[in-house]
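Single-structure report; data block below.
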Amino acid sequence: MKRTLLFILFTLISVSNIFSRNIPVTPPENVHPRLLFTAGKLPQIQKTFSHPENLASYEESEKLLSEYLGKDTGFTPVKKKTFRWSGKLVAAIEASAFKYAVTHEKKYIDWAYKTFINCCRTIDLTGIYDDYRPYGQMILTAAEIYDWGYDSLSKKQKDELYNQTVSFLKKLQIGYPPKKGKAVAGHSAESQLLRSYLSAAIAMYDEHKDLWHMTTEWFYREFVPARKFFYESRSPNFQGTGYGPYRALFDLWSSLLITQMNAPEPYEGRLSLWSRYFIYNRRPDKMTWHIGDDHAIEKMNYNNFRYGANAFLNSVITKDPYAKFFAKENLGDFKKFKYNDNGENDDVLTPVQFLILNDVNLTPLDYKSLPSVYYAPFPLGEYFAASSWKENAAAVHLKIGEYTQANHEHQDSGSFEIYCNGLLAATSGYYVSGFGKDSNGGYKGEHTQKYYHSSVSKNTLLLQSDAETYEGYGLQKRLPEAKSFENLLSDENYHRAKITAHFDSLKDGKGIVFLSGDISNAYEGKNSVHRSMLCCFTGDEEKPILFFVYDRIDSKKKGIFVLNSLTEPQIQKNEVLIQNRNEKSGLKNTTLLPLNPEITKTGGKGHEWEIAGKNYSNGSETAVTQKSESGWGRIEISDSSRKSGRQVLFNAMEIFSDGESSSKEKIRLVQTQKFDFAVTEGFVVGFYKISDSKTEDYKIILSEKDFPKNTKLILCGLPAGKWNLNGKTYEVTEENRILVSR
């Protein structure tokens, strides 16, 4: 806690100081090229054209030239579309400008310039919703022509490129000069400043220094401190599995644009902190965990290219061989490229960009040799863990979620997902972006905003005051995007949780992962809410995971444990059975506390996304496919006799790889003065109760009558100190707050 406050204070002071500090970097004056490479680097780049990693990109670049070079062309109408645009033609212009830089044959820069101007005259982006993306690609291309062909262009031609660039900059959402939007999240945190403005500012610095100053004043003042703060979590941002890797691409672009002109890296080497984060975003079946807005939940179409491009650019900067292997895997052995022909996705990677940036001396290393567990600390608090890297592995995703950026991030503090031969503890809902007639309301629609973003669609905890109304249903706070990075840190609403402990010992398919946190501030009103999650990887193929969730609540509202599934759960007394859709695996949840639980289920056709009696579908049932993981519905578990005040919800889950419970005996509850215990085959798991005493006796004696021999004993949530357990001494730290018997 003290360390967290000091870090925030330091960051706020840093942000304040940057307001009064000069921009620390400028491009080298009267030196060209300097955009993505310098003259000194070009001979080395040329030598790599025939390297096995670069051969496909070189051949693709030559293919683009053979298809377009010499043609008097511009943008033409696209069949069955309302716009005139071709990302492939833009890539060909880039290839021709680069060819000039390599050969100094004037025909290449002449064609590149002439065709670019033709494209400026014929561009029509009618029907492309986020038209700032293709406009941004035009700005990057203008900058490349300006810089790479600098010595061959007349002043008139350079002026024309500048004028066209400014006309496109004025069409961006952040405006000209760039003042609109936020550095924390949203479209303004993507390509507009970090690639479009920055590339033009570097290329045209000699004649138009104002571009550099208007770009980098905002960049170094707010973008850089915000990114450095987020990177401490070993993730680039909290925008999820769909938008997270996309937005991080442009952090990488900004770093490359600056460092490739031989200037200091703006993020001070911290990009390496998260170089492997997106490797762990995937489940054993190679689909992504469902975090934030993501099309994968609807169509199950994992975006290989986006993840691959992100990993490739990161590996260029950080020299991480595991990130490069991940890039190679997702970019088809470095043979896949992207041009943004639909105009909506500017996460492009062209053959020329690959040729310029690829470090052939960095040998990819298979990430499957890495540990199968990953922790993202403050200011996030998130675990990804699997029994192995194999497709039949069992896996979990745990999240406390300290800070939130809002936007495409969900209200999911204290949530979890569980996978074993299929998703068992699931996320519910679906995501269809856009605002057109087929988008069912898209990002701003009721399904997205009121259901999919809400905590009820995750495996979280509700604090319910009125089950009959949406507002009283117990959901976590809905927040707008922070107005600035300083606002994010100073407004306590964005600090929705605090990590209280984390620990992992997973190795060779066996071990534990423990994550707990105070999630009180995620909810409206004054509450005390603490969630602890413990995953035991057993090493048993038939029952690979035991999972425990211990919730302590002190509130006037009713605490409700939520468990979402893809199939209809079966309820028997205090047990819930969930099988995956192929009946290849199963989850059995036993509610140990309260002793008399109320267990209800909501779901099925017409009730899949229901809150307080309303199904938030937007008429979108047609969006659900056989592959989609949009959900059957959910289970809600609460205390049937206690509606408010101090409450404990204690749930124990057994994960079965064969879909059927093979337990010899039921999980049972044992309560002592200090602990609530779950006793099961091979494991005894205890959670420390709230103590009103100011002093603590750190001595525990457990009877073998209640706790059989040859069981793994795990005590969670202990105060830091030396604990004596049945005569043996254990050190419990403030960071882990856990004791595992020897």
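Keep in mind it's a predicted model, so treat the numbers as computed, not measured.
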- Query: Does a donor on one side chain sit under 3.5 Å from an acceptor on the other, for E94 and T141?
  - Reply: no
- Query: At their closest point, which heavy atom of F229 faces which heavy atom of L489, and how far apart are they?
  - Reply: CZ-CD2, 3.6 Å
- Message: Do D151 and Y100 pair up side chain to side chain, a donor and an acceptor below 3.5 Å, judged on atom types alone?
- Response: yes
- Would you check, one step at a time, whether the test side chain to side chain contact (heavy atoms under 4.5 Å, CB included) holds for I109 with L153? CA-CA 8 Å; I109 200 66; L153 296 170; 4.3 Å; yes
- Smallest heavy-atom separation, G308 atom then L331 atom, equals O-CD1, 3.7 Å
- Counting distance only, does the side-chain N/O of S255 pair as donor-acceptor with the main-chain N or O of L252 below 3.5 Å? no
- Message: Show, in sequence, the C-alpha distance, side-chain angles and deciding distance for E265 and R270, and conclude whether the salt bridge (charged side-chain N to carboxylate O under 4.0 Å, His left out) test is met.
- Response: CA-CA 9 Å; E265 205 277 304; R270 299 191 189 190; over 6 Å; no
- Are the side chain of S196 and the backbone of L193 linked by a donor-acceptor contact shorter than 3.5 Å? no
- Query: Do K158's NZ or CZ and the ring of Y150 fall within the cation-pi criteria of under 6.0 Å and 45°?
  - Reply: yes
- Task: Verify whether the ring centers belonging to F37 and W148 lie closer than 6.0 Å.
- Result: yes
- Side-chain (S61) to main-chain (S57) donor-acceptor, under 3.5 angstrom: no
- Query: Would R276 count as a cation-pi partner of F326, with NZ or CZ less than 6.0 Å from the six-membered ring centre and within 45° of the ring normal?
  - Reply: no
- Are Y231 and Y267 near enough that their ring centres are under 6.0 Å apart? yes
- Query: What do the steps show when you test L211 against Y162 for side chain to side chain contact (heavy atoms under 4.5 Å, CB included), and what is the final call?
  - Reply: CA-CA 10 Å; L211 264 181; Y162 169 75; 4.0 Å; yes
- Query: Parallel under 30°, tilted from 30 to 60°, perpendicular over 60°: which one fits the rings of Y302 and Y307?
  - Reply: tilted
- Message: Applying side chain to side chain contact (heavy atoms under 4.5 Å, CB included) to N345 and K338, what does each step give before you reach the verdict?
- Response: CA-CA 9 Å; N345 304 109; K338 186 175 180 181; 3.6 Å; yes
- Query: For W253, is the NZ or CZ atom of R195 found under 6.0 angstrom from the centre of its six-membered ring and inside 45 degrees of the ring axis?
  - Reply: yes
- Yes or no on salt bridge (charged side-chain N to carboxylate O under 4.0 Å, His left out) for K324 and E53, after CA distance, side-chain angles and deciding distance? CA-CA 11 Å; K324 188 169 184 180; E53 285 184 356; 2.8 Å; yes
- Are N237 and Q405 linked by a side-chain donor-acceptor pair shorter than 3.5 Å? no
- Message: Looking at R34 and V31, would you say the former's side chain and the latter's main chain have a donor-acceptor pair under 3.5 Å?
- Response: yes
- Item | K41, NZ atom: more than 12 neighbouring heavy atoms under 6.0 Å | yes
- Message: Please confirm whether the ring centroid of Y443 lies under 6.0 Å from the ring centroid of H408.
- Response: yes
- Could you tell me whether the side chain of Q192 and the main chain of I174 form a donor-acceptor pair under 3.5 Å? yes
- Query: Roughly how far, to the nearest 0.5 Å, is the CG atom of L273 from the OG atom of S233?
  - Reply: 9.0 Å
- Message: Whether K328 engages the ring of F325 as a cation-pi pair (distance to the six-membered ring centre under 6.0 angstrom, angle to the ring normal within 45°) should be assessed.
- Response: no
- Look at the side chain of E409 and the backbone N and O of G240, then say whether any donor-acceptor pair between them is shorter than 3.5 Å. no
- Item | Under 3.5 Å: donor-acceptor pair, side chain of R234, backbone of P377 | no
- Query: Under 4.5 Å between any side-chain heavy atoms of K99 and L65, yes or no?
  - Reply: yes
- Starting from the C-alpha separation in whole Å, work towards a yes-or-no answer on side chain to side chain contact (heavy atoms under 4.5 Å, CB included) for F75 and N118. CA-CA 8 Å; F75 293 135; N118 284 343; over 6 Å; no
- Message: Salt bridge check, K335 against E59: does any charged N sit closer than 4.0 Å to a carboxylate O?
- Response: no
- Message: Strictly distance-based, threshold 3.5 Å: is any side-chain N or O of E67 a donor or acceptor partner for the main-chain N or O of L64?
- Response: no
- Exercise: identify the closest heavy-atom pair between T288 and A296: OG1-CB, 3.7 Å
- Verdict with reasoning, K209 to E29, per salt bridge (charged side-chain N to carboxylate O under 4.0 Å, His left out): CA-CA 10 Å; K209 290 181 173 57; E29 289 197 66; 3.1 Å; yes
- Would you confirm whether the ring centroid of Y58 sits within less than 6.0 angstrom of the ring centroid of F354? no
- Around atom NZ of K483, are there more than 12 heavy atoms of other residues, nucleotides or ligands at under 6.0 Å? no
- Query: Does E232 use its side chain to pair, donor to acceptor, with the backbone of F378 at less than 3.5 Å?
  - Reply: no
- Query: If you take all heavy atoms of T126 and F83, which pair is closest and at what distance?
  - Reply: O-CB, 3.4 Å
- Query: Is the distance between the ring centroids of Y367 and Y322 under 6.0 Å?
  - Reply: no
- Are more than 12 heavy atoms from other residues, nucleotides or ligands located less than 6.0 Å from atom NZ of K47? no
- Task: Specify the closest pair of heavy atoms between P321 and T363, including all atoms of both residues, with the distance to one decimal.
- Result: CB-O, 3.3 Å
- Query: Checking T215 side chain against A201 main chain: does a donor-acceptor pair fall under 3.5 Å?
  - Reply: no
- Of the non-hydrogen atoms in I356 and I45, which two are nearest, and what is the gap between them? O-CD1, 3.9 Å
